[in-house]
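Chain identifiers are assigned alphabetically (A, B, ...) following the order of the sequence lines, protein sequences preceding nucleic acid strands; residue numbering begins at 1 within each chain.
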Amino acid sequence: MAKAITSRAEDYSQWYNDIVKKASLAEHSAVRGCMVIKPHGYGIWEMMKAQLDSMFKETGHVNAAFPLLIPKSFLSKEADHVEGFAKECAVVTHHRLMKDPDGKGVVVDPKAKLEEELIIRPTSETIIWNTYRDWIKSYRDLPLLINQWANVMRWEMRTRLFLRTSEFFWQEGHTAHSTAKEAIEETLLILDIYAKFAEEYMAMPVMKGVKTANERFAGAEDTYTIEGLMQDGKALQAGTSHFLGQNFAKAFNVKFSNADNKEEYVWATSWGVSTRLIGGMIMTHSDDDGLIIPPKLAPNPVVIIPIPKPNDQIDVVAQELIAKLKSLGIRAQYDRDPKKRPGFKFAEHELRGIPVRVGIGMRDLDKGQIEIARRDTKEKSYIPVGGAPQYIQELLDAIQSNLFEKAKKYRDEHITSADDFTTFKEVLESNGGFVSAHWDGTTETEKKIKELTKASIRCIPLNNPQEEGQCVLTGNPSKERVLFAKAY
RNA sequence: CGGGGCGUGGCGCAGUCCGGUUAGCGCACCUGCUUUGGGAGCAGGGGGCCGCAGGUUCGAAUCCUGCCGCCCCGACCA
């Protein structure tokens with residue numbers, strides 16, 4: 001067991017780090033806070049990208065690309081936005097290096113100081129709205145539905161691979177609309193896409209809701225969120241969709257003429273999900289033996305292993321199986337390497353989270369069967385060669401739904417109501433997860449609760465039942481419950 | 001920015017307190033033989049500015065000074 005990983009019970013965050021490292025998903029780079037995403041990890045991101053991108057396209061969005069660098073002055077145009085991001089921006093001040101006059105290497109050339117400093121984008125609202133000003137003149141130019149796949153940089157104090165790094169990869173949608181109603185509809189449409197993606201593709205159940213003023217995106221009127229629950233009982237904000245009102249339109253003076261030839265400010269949204277989703281996938285499904293990838297996100301959901309080593313007959317059976325799977329739209333990989341033993345390969349592919357493993361050995365072939373093992377439950381079955389493709393197809397679906405059901409069961413068992421502060425604290429200590437409690441609606445109380453328990457309000461669920469109650473901390477009147485949790 | 005820890009072949013570490021001649025171990029790697037249905041065994045082999053820069057000393061991975069970097073825990077955040 002050369003690559004054994006720390007168990008979840010022993011040290012959850014070490015378990016996470018071990019999985020990222022030993023499943024070859026990513027590693028720390030030479031640059032502080034920035035990661036190298038390795039092929040296996042990037043392959044999963046590509047699967048996520050492809051699916052999300054097609055969902056965006058189906059709903060009328062198109063992709064474009066905006067610059068990495070943003071003039072410093074742009075950032076200061078929307079007051080809340082500056083406040084939110086100023087503390088974590090990397091700034092470009094010079095445009096040239098020179099040989100160090102006192103020795104080896106290079107130094108910044110003091111003569112190459114930029115007249116206006118540039119910010120490496122922490123998000124792109126400002127540069128995009130500055131551009132939209134020129135693109136939008138009439139209601140006929142609306143709606144404008146644009147997305148970009150990009151990297152952004154936020155200078156983080158503490159980083160964790162995928163969950164929080166200084167540079168991360170994401171998509172950011174930026175749309176412009178002629179009415180508030182339409183912009184809000186867009187915000188909710190995207191939230192639904194995110195939730196559908198999370199649940200149907202990542203097999204990660206999520207709560208849809210709206211953020212409190214305190215947790216809102218800097219510059220937004222409303223921030224909608226999907227919140228997942230990880231196996232250690234902490235919540236993960238997995239995606240956000242913002243209704244920006246006219247804040248950016250006013251800051252960047254983006255107006256359009258309506259049908260009555262009257263000028264109005266444009267209504268806006270922005271929305272994003274990032275490589276953080278990979279962290280969410282890991283912490284939702286994986287076990288003490290390593291990563292578990294939901295079949296729909298696996299670059300290669302099936303791996304075929306010759307037992308004990310390849311020969312002509314096994315090669316033929318493997319290639320035929322690959323061809324038949326391909327015709328069913330299932331990608332499979334044949335790990336033929338004769339120098340590695342099957343036991344090693346079994347362990348390796350389990351660690352890397354491949355959903356289905358097929359073992360082909362002469363002993364089974366003589367009986368006309370092959371061995372098929374599923375990663376999620378570790379169960380093995382012996383299936384006639386001819387029936388294997390269909391069996392695998394059904395098995396992948398079964399794994400996908402089993403992962404979702406298992407995660408949903410866990411999540412549902414970790415939503416607890418609390419009506420007094422003692423219970424509230426006890427639930428957080430013992431069971432973890434979401435605590436559904438009344439809150440008096442003030443930021444002050446929200447902050448106080450966070451200070452006392454480390455739990456924040458993750459969201460006010462959509463379609464939340466209205467009920468009279470008393471705030472769990474202050475006893476002040478409240479009309480609905482909100483979801484608290486400790487969060488990543 | 002506070003508190004803690006760590007920088008030694010690709011990876012993980014020992015050695016550092018108490019300086020000593022050739023810097024060691026496991027994994028990985030290379031060669032050969034034997035193996036082969038759940039991380040193979042044996043034999044041989046290659047690979048090191050001991051984080052960087054100064055200093056003390058006959059002699060420094062080890063002691064002293066300064067610097068740099070990374071990880072973990074907190075405050076901030078997707």
Can you tell me, in whole Å, how much space there is between the [atom1] of [N] and that of [M]?
{"N": "B:rG54", "M": "B:rA14", "atom1": "P", "answer": "28 Å"}
{"N": "B:rC64", "M": "B:rC76", "atom1": "P", "answer": "38 Å"}
{"N": "B:rG3", "M": "B:rG46", "atom1": "C1'", "answer": "44 Å"}
{"N": "B:rU22", "M": "B:rC68", "atom1": "C1'", "answer": "31 Å"}
{"N": "B:rG15", "M": "B:rG20", "atom1": "P", "answer": "13 Å"}
{"N": "B:rU36", "M": "B:rC13", "atom1": "C1'", "answer": "31 Å"}
{"N": "B:rU16", "M": "B:rG7", "atom1": "C1'", "answer": "13 Å"}

> OG/A:S456 to CD/A:E215 distance, rounded to the nearest 0.5 angstrom?
Replying inline: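 If we round to the nearest 0.5 Å, A:S456:OG and A:E215:CD are 4.5 Å apart.
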>> Any side-chain N or O of A:K22 below 4.0 angstrom from OP1/OP2 of B:rA28?
In response: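 No, outside the criterion.
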> Does the B:rG37 base have a donor-acceptor partner in the side chain of A:K309 within less than 3.5 Å?
Replying inline: no
Any base atoms under 4.0 Å from [X], or only sugar-phosphate, or nothing? Heavy atoms, all strands.
{"X": "A:L236", "result": "nothing"}
{"X": "A:T159", "result": "sugar-phosphate"}
{"X": "A:F168", "result": "base"}
{"X": "A:T240", "result": "nothing"}
{"X": "A:E350", "result": "base"}

> Does a side-chain N-to-carboxylate-O contact under 4.0 Å join A:K296 and A:E200?
Replying inline: no
Looking at [Y], is its backbone amide N or carbonyl O close enough to the side chain of [X] to form a donor-acceptor pair, meaning the two atoms are under 3.5 Å apart?
{"X": "A:T165", "Y": "A:F162", "value": "no"}
{"X": "A:Y334", "Y": "A:Q319", "value": "no"}
{"X": "A:R121", "Y": "A:N151", "value": "yes"}
{"X": "A:K345", "Y": "A:D335", "value": "yes"}
{"X": "A:Q231", "Y": "A:S286", "value": "yes"}

What is the distance, to the nearest angstrom, from the [atom1] atom on [X] to the [atom2] atom on [N]?
{"X": "A:L351", "N": "B:rG38", "atom1": "CG", "atom2": "C1'", "answer": "14 Å"}
{"X": "A:K340", "N": "B:rA28", "atom1": "NZ", "atom2": "C1'", "answer": "11 Å"}
{"X": "A:K234", "N": "B:rC73", "atom1": "NZ", "atom2": "C1'", "answer": "11 Å"}
{"X": "A:K38", "N": "B:rC11", "atom1": "NZ", "atom2": "C1'", "answer": "10 Å"}
{"X": "A:D335", "N": "B:rG38", "atom1": "CG", "atom2": "P", "answer": "16 Å"}
{"X": "A:E348", "N": "B:rG38", "atom1": "CD", "atom2": "P", "answer": "17 Å"}
{"X": "A:D18", "N": "B:rC72", "atom1": "CG", "atom2": "P", "answer": "12 Å"}
{"X": "A:Q14", "N": "B:rG5", "atom1": "CD", "atom2": "P", "answer": "18 Å"}

Using purine N1 to pyrimidine N3 plus N6-O4 or O6-N4 for Watson-Crick, or N1-O2 and O6-N3 for G-U wobble, each under 3.5 Å, what pairs with [N]?
{"N": "B:rG38", "result": "none"}
{"N": "B:rU22", "result": "none"}
{"N": "B:rC1", "result": "B:rG74"}
{"N": "B:rG46", "result": "none"}
{"N": "B:rC27", "result": "B:rG10"}
{"N": "B:rC63", "result": "B:rG55"}

> Want to settle it: does A:K380 or A:F162 sit nearer the 5' end of RNA chain B, counting the closest nucleotide to each?
Replying inline: A:K380
>> Return whichever of A:K345 or A:R216 has its heavy-atom-nearest nucleotide of RNA chain B closer to the 5' end.
In response: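 On the 5' side of the pair lies A:K345.
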Could you run down the sub-3.5 Å N/O contacts of the protein with nucleotides 40-47 of chain B?
residue	atom	partner	partner atom	Å
B:rA40	OP2	A:R341	NE	2.9
B:rA40	O4'	A:R341	NE	3.4
B:rA40	N9	A:R341	NH1	3.2

> When the aromatic ring centroids of A:F484 and A:F424 are compared, is their separation below 6.0 Å?
Replying inline: yes
> For the residue pair A:W129 and A:H81, is the inter-centroid distance of their aromatic rings smaller than 6.0 Å?
Replying inline: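 Ring centroids of A:W129 and A:H81 are no less than 6.0 Å from each other.
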> What residue among A:K211, A:K208, A:R411 forms side chain to side chain donor-acceptor pair (under 3.5 Å) with A:E227?
Replying inline: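 Of the listed options, the one satisfying the test is A:K211.
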Report the nucleotide, chosen from [options], that has the shortest atom-to-atom distance to any side-chain atom of [X].
{"X": "A:S13", "options": "B:rU36, B:rG38, B:rC73", "answer": "B:rC73"}
{"X": "A:K454", "options": "B:rG38, B:rG74, B:rG39", "answer": "B:rG74"}
{"X": "A:P308", "options": "B:rU36, B:rG74, B:rG39", "answer": "B:rU36"}

> Does any residue of residues 353-373 of chain A have a heavy atom under 4.0 Å from RNA chain B, and if so, which ones, in number order?
Replying inline: A:R357, A:G361, A:M362, A:R363, A:D364, A:E371
> What is the ring orientation for A:F252 with A:F74, classed by angle as parallel under 30°, tilted 30 to 60°, or perpendicular over 60°?
Replying inline: perpendicular
> Taking the side chain as C-beta and beyond, is there a heavy-atom pair between A:F169 and A:M35 under 4.5 Å?
Replying inline: no
